[in-house]
There are 2 protein chains.
Amino acid sequence: MNLLTRNTDYAVRALIHMAGKAPERVSARDLERDLELPRPFMRKTLQALQKSGYLASAKGKNGGFTLVLPVEKIRLADLIALFQGPVSMGDCLFRKKLCECVKTCPLRREIKQIEAMALAHLRGVTIASLMKR
Amino acid sequence: MNLLTRNTDYAVRALIHMAGKAPERVSARDLERDLELPRPFMRKTLQALQKSGYLASAKGKNGGFTLVLPVEKIRLADLIALFQGPVSMGDCLFRKKLCECVKTCPLRREIKQIEAMALAHLRGVTIASLMKR
DNA sequence: TTTAAATGATACCATTAAGGTGTCATTTGT
DNA sequence: ACAAATGACACCTTAATGGTATCATTTAAA
Ligand code: FES
Ligand code: FES
């Protein structure tokens, strides 16, 4: 089924770790050392988080990233949307040129219902809630 | 998110169509004509359904497939399992060599919960229920 | 009895997405 | 000056998905 990609997973781990260290700055190198995640990949992930306003970045020596949003405001649903596209997709189950059956498609309704349930649940999960374990 | 693959989608459409035609035999060629699905791909799908006991096959001229199970017994959850692997996976979110964090993984619990909800829902969806529309 | 139409089995191919690496420019504290 | 960091991209590799093709075998019907 695979609801998550590594991108999202890494982002969550990084954010949790950074929340623990805050307000200290954390660099990609730090994360590689502490969480054993591949650094170059992390960098892409962190940059994405920065562009989306989750993180602030500081260049130069002793640079790195810091959390901007409070952990209660960072929703798993949004991270998934960021790294994997919207949880619930458009009209057709198979995006692109929506297939003819769109009106009669028997599966559409059911799948959309499940997506909605999942989305509701995912919106309730935040970095904060994940840290309470 | 993509809960379905084409395999599963095609299977559902084929099964619904065959239920309508039953007890007539339906060939891959028929499905290509009536549902506009790619024939060679359908054949693979139909063979899989046959091997799993959903369909009976008849070789030779005028051959084809017929439904074996009653439509109320054909669950979407099982079709997904057949074509896409089990809905809910093993211990680790990323199968293969389960990652170290298995004990501490904060996401595991949440995701498994969602999978369970989805699975419950999918078990309630049958070919019969899909036809009532 | 020949032939056409069907499945069984399997191998192959093409496209895409995921996961990951590498490079170069720029910034900045020491 | 220099090392350490991000910004911005361009790659690369692998696996899964979606789809095609081939050959053998079976069977109804002309
Ligand atoms: S698959 Fe496109 S709407 Fe049914
Ligand atoms: S990702 Fe493997 S269990 Fe958390």
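The model shown is predicted, which means the values in this text are computed figures rather than measured ones. Protein chains get the first letters and strands the later ones, always in sequence-line order, with residue 1 at the start of each.
Going from atom CG of A:Leu37 over to atom C1' of C:dA18 covers 16 Å, rounded to whole Å. The CZ-C1' distance, from A:Phe83 to C:dG19, rounds to 13 Å in whole Å. Note: CD (B:Gln47) to C1' (D:dA21) measures 13 Å, nearest angstrom. As rounded to whole Å, 15 Å separates atom C1' of D:dT20 from atom CE of B:Met42. B:Leu46 places its CG atom 14 Å from the P atom of D:dG19, with the value rounded to the nearest Å. The separation between A:Leu49 atom CG and D:dT6 atom C1' is 14 Å, rounded to whole Å. In this structure, CG of B:Asn2 is placed 21 Å from P of D:dA15, rounded to the nearest angstrom. Between the CG atom of A:Asn7 and the P atom of C:dG20 there is a distance of 9 Å, rounded to whole Å.
Comparing B:Asp30 and B:Lys51 along DNA chain C, the residue whose closest nucleotide (by nearest heavy atom) sits nearer the 5' end is B:Asp30. Comparing B:Phe65 and A:Phe41 by the nucleotide of DNA chain C that holds the closest heavy atom to each, the one mapping nearer the 5' end is B:Phe65. In this structure, B:Gln84 and B:Pro38 both approach DNA chain D, and ranking their closest nucleotides by distance from the 5' end singles out B:Gln84.
Atom-to-atom distance recorded for B:Ile127:CD1 and B:Leu76:CG is 7.5 Å, nearest 0.5 angstrom.
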How would you summarise protein contacts on nucleotides 22-30 of chain C per nucleotide, using B for base, S for sugar-phosphate only and - for none, with heavy-atom distances below 4.0 Å?
-B--BBBBS

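Cluster membership for B:Leu49 and B:Val68, using ILVMFWY side-chain heavy atoms within less than 4.5 angstrom, is not shared.
The two residues B:Ala11 and B:Thr45 have their closest heavy-atom pair at CB-CG2, 3.9 Å. The two residues A:Met131 and A:Val71 come nearest to each other via the heavy atoms SD-CG1, 4.3 Å. In this structure, B:Leu119 and B:Ala77 approach most closely via the heavy-atom pair CD1-CB, 4.1 Å.
With C:dG19, D:dT20, C:dG8 as the candidates, the nucleotide lying closest to the side chain of B:Ser57 is C:dG8.
Distances shorter than 4.0 Å separate some side-chain N or O of B:Gln50 from OP1 or OP2 on C:dG8.
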Run B:Asp78 and B:Arg75 through salt bridge (charged side-chain N to carboxylate O under 4.0 Å, His left out) and show every step you take.
CA-CA 5 Å; B:Asp78 295 329; B:Arg75 306 188 130 71; 5.3 Å; no

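With contacts defined as side-chain heavy-atom distances shorter than 4.5 Å, the pair B:Phe65/B:Val26 does not qualify.
Here B:Tyr10 lies in heavy-atom contact (under 4.0 Å) with sugar-phosphate atoms only.
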